[in-house]
> 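I'd like to ask you about the structure that follows.
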Protein chains: 2
Amino acid sequence: MKQLTKAEEEIMQILWDLGEANVASIINKFSEPKPAFTTVSTIVRILESKDFVGYRKEGRGHIYFSKIEKETYSNQSLHKLMDGYFQGSFQSMVSFFVRKNDIATKDLEEILEKINKNEDKK
Amino acid sequence: MKQLTKAEEEIMQILWDLGEANVASIINKFSEPKPAFTTVSTIVRILESKDFVGYRKEGRGHIYFSKIEKETYSNQSLHKLMDGYFQGSFQSMVSFFVRKNDIATKDLEEILEKINKNEDKK
DNA sequence: CAAATATAACTAAATATTTAGTTTAAACTA
DNA sequence: TAGTTTAAACTAAATATTTAGTTATATTTG
């Protein structure tokens, strides 16, 4: 699956955040200095050509929306990291991260609890 | 902290793997089609200028080595992902990944066990 | 020491990415 | 409907990345 460049990712994040938006709304989400209309428009059309973004016509312009779930993309990115740095092992990745960042085991226990709770609901 | 480009990362992975290496050994690690000597040499010198790589003289040439721990870089990358896609929350990231990939809770339990075991040793 | 060889440094060119100006088309308004 | 406005499409240029050729330098060997 395709990788987003830095500028592309920034705009995807905004689209994931807003759900859908025209170019003006996207620009609005940038902090100063805001990029030019044409800059954003260009990147959006690149994303369109890469099939990350779709649009529908509305009034005078286009309303853009993401065609790929944020979840799908982040999952793929995590997998890439896991494969490249932890021999594809989820356990390695998590235990490394816990140790490295002094994450309390209580946090892991809480995650387990929450997951088990939701499993019950099924 | 600086981000590695695709070509740079490939070579860093090899250096992390080998510990240290000259250009020839790096090329050797590539599968066909192997890049040209000059290509690898250029990227190594870029990594040098970015302070990712150092070298020492040996005989006729240079022996290169990573100046950044693989652990440091992967930790930073994971943090970036966590911040960008999971509001900086470790719990969100892990529970998302577990659900999304149908990872058995047993895996998480095992991680906990292992960590607790090592904590005892301290 | 001179020639051959191996390697790094320098340079360049192809490609990808980022940024934004100009032109064109659509639709709103007076 | 003609002029004005707004946004998209087209185009271009600056910058970053990737790839590799050429030249310079140092080491080995005959």
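Convention: sequence-line order gives letters A, B, ...; per-chain numbering from 1. Below, all heavy atoms of this structure are taken into account, side chains as well, without hydrogens, waters or symmetry copies.
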> Quick one: is D:dA8 close enough that its OP1 or OP2 comes under 4.0 Å of any side-chain N or O from A:Y64?
yes
> A:T5 side chain N/O closer than 4.0 Å to the phosphate oxygens (OP1, OP2) of C:dT18?
yes
> Counting heavy atoms from C-beta on, name the nucleotide in D:dA20, D:dT28, C:dA20 closest to the side chain of A:A36.
C:dA20
> Round to a whole Å and report the spacing from CG of A:L4 to P of C:dT18.
10 Å
> When you get a sec, tell me which of D:dT17, C:dT19, D:dA9 is the closest nucleotide to the side chain of B:K50?
D:dT17
> Compare the minimum distances between each of C:dA20, C:dA8, D:dA8 and the side chain of A:H62, then state the nucleotide with the smallest one.
D:dA8
> Hydrogens and angles aside, do A:K114 and B:Q91 bring a side-chain donor and acceptor to less than 3.5 Å of each other?
yes
> Mind telling me whether A:F96 and A:F86 have parallel, tilted or perpendicular rings, with 30° and 60° as the class edges?
tilted
> How many Å lie between CD1 on B:I46 and P on C:dA8, as a whole number?
15 Å
> Taking atom NZ as the centre, does A:K70 end up with more than 12 heavy-atom neighbours from other residues, nucleotides or ligands that are less than 6.0 angstrom away?
yes
> Could you check how far CD of A:Q3 sits from P of C:dA16, rounded to whole Å?
16 Å
> Tell me if the side-chain of B:T42 makes a donor-acceptor pair with the base of D:dA20, cut-off 3.5 Å, by modelled atom types.
yes
> Considering just the side-chain nitrogens and oxygens of B:T38, establish if one lies under 4.0 Å of OP1 or OP2 belonging to D:dA20.
no
> Relative to the ring of B:F90, is the ring of A:F97 parallel (under 30°), tilted (30 to 60°) or perpendicular (over 60°)?
parallel
> Figure out the CD1/C1' separation between B:I27 and C:dA6, and round it to whole Å.
12 Å
> C:dT19 C1' sits how many Å from A:E8 CD, rounded?
13 Å
> Could you give the CZ-to-C1' distance, from B:F37 to C:dA6, as a whole number of Å?
8 Å
> With respect to the side chain of B:K6, which nucleotide from D:dA7, D:dT18, D:dA20 is positioned closest?
D:dT18
> Can you tell which of D:dA7, D:dC10, D:dT19 lies closest to the side chain of A:R60?
D:dA7
> Rounded to the Å, how far apart are A:E9 CD and C:dT18 P?
11 Å
> Using whole Å, report how far NZ of A:K57 lies from P of D:dA9.
8 Å
> Is there a side-chain contact between A:R45 and the phosphate of D:dA9, meaning an N or O under 4.0 Å from OP1 or OP2?
yes
> Report yes if at least one side-chain N or O of B:T39 is closer than 4.0 Å to OP1 or OP2 of D:dT19; otherwise report no.
no
> Could you check whether A:S25 and A:N22, counting side-chain N and O atoms only, form a donor-acceptor pair closer than 3.5 Å?
yes
> For A:G59 and B:E48, take the nucleotide of DNA chain C holding the closest heavy atom to each; which residue's nucleotide lies nearer the 5' end?
B:E48
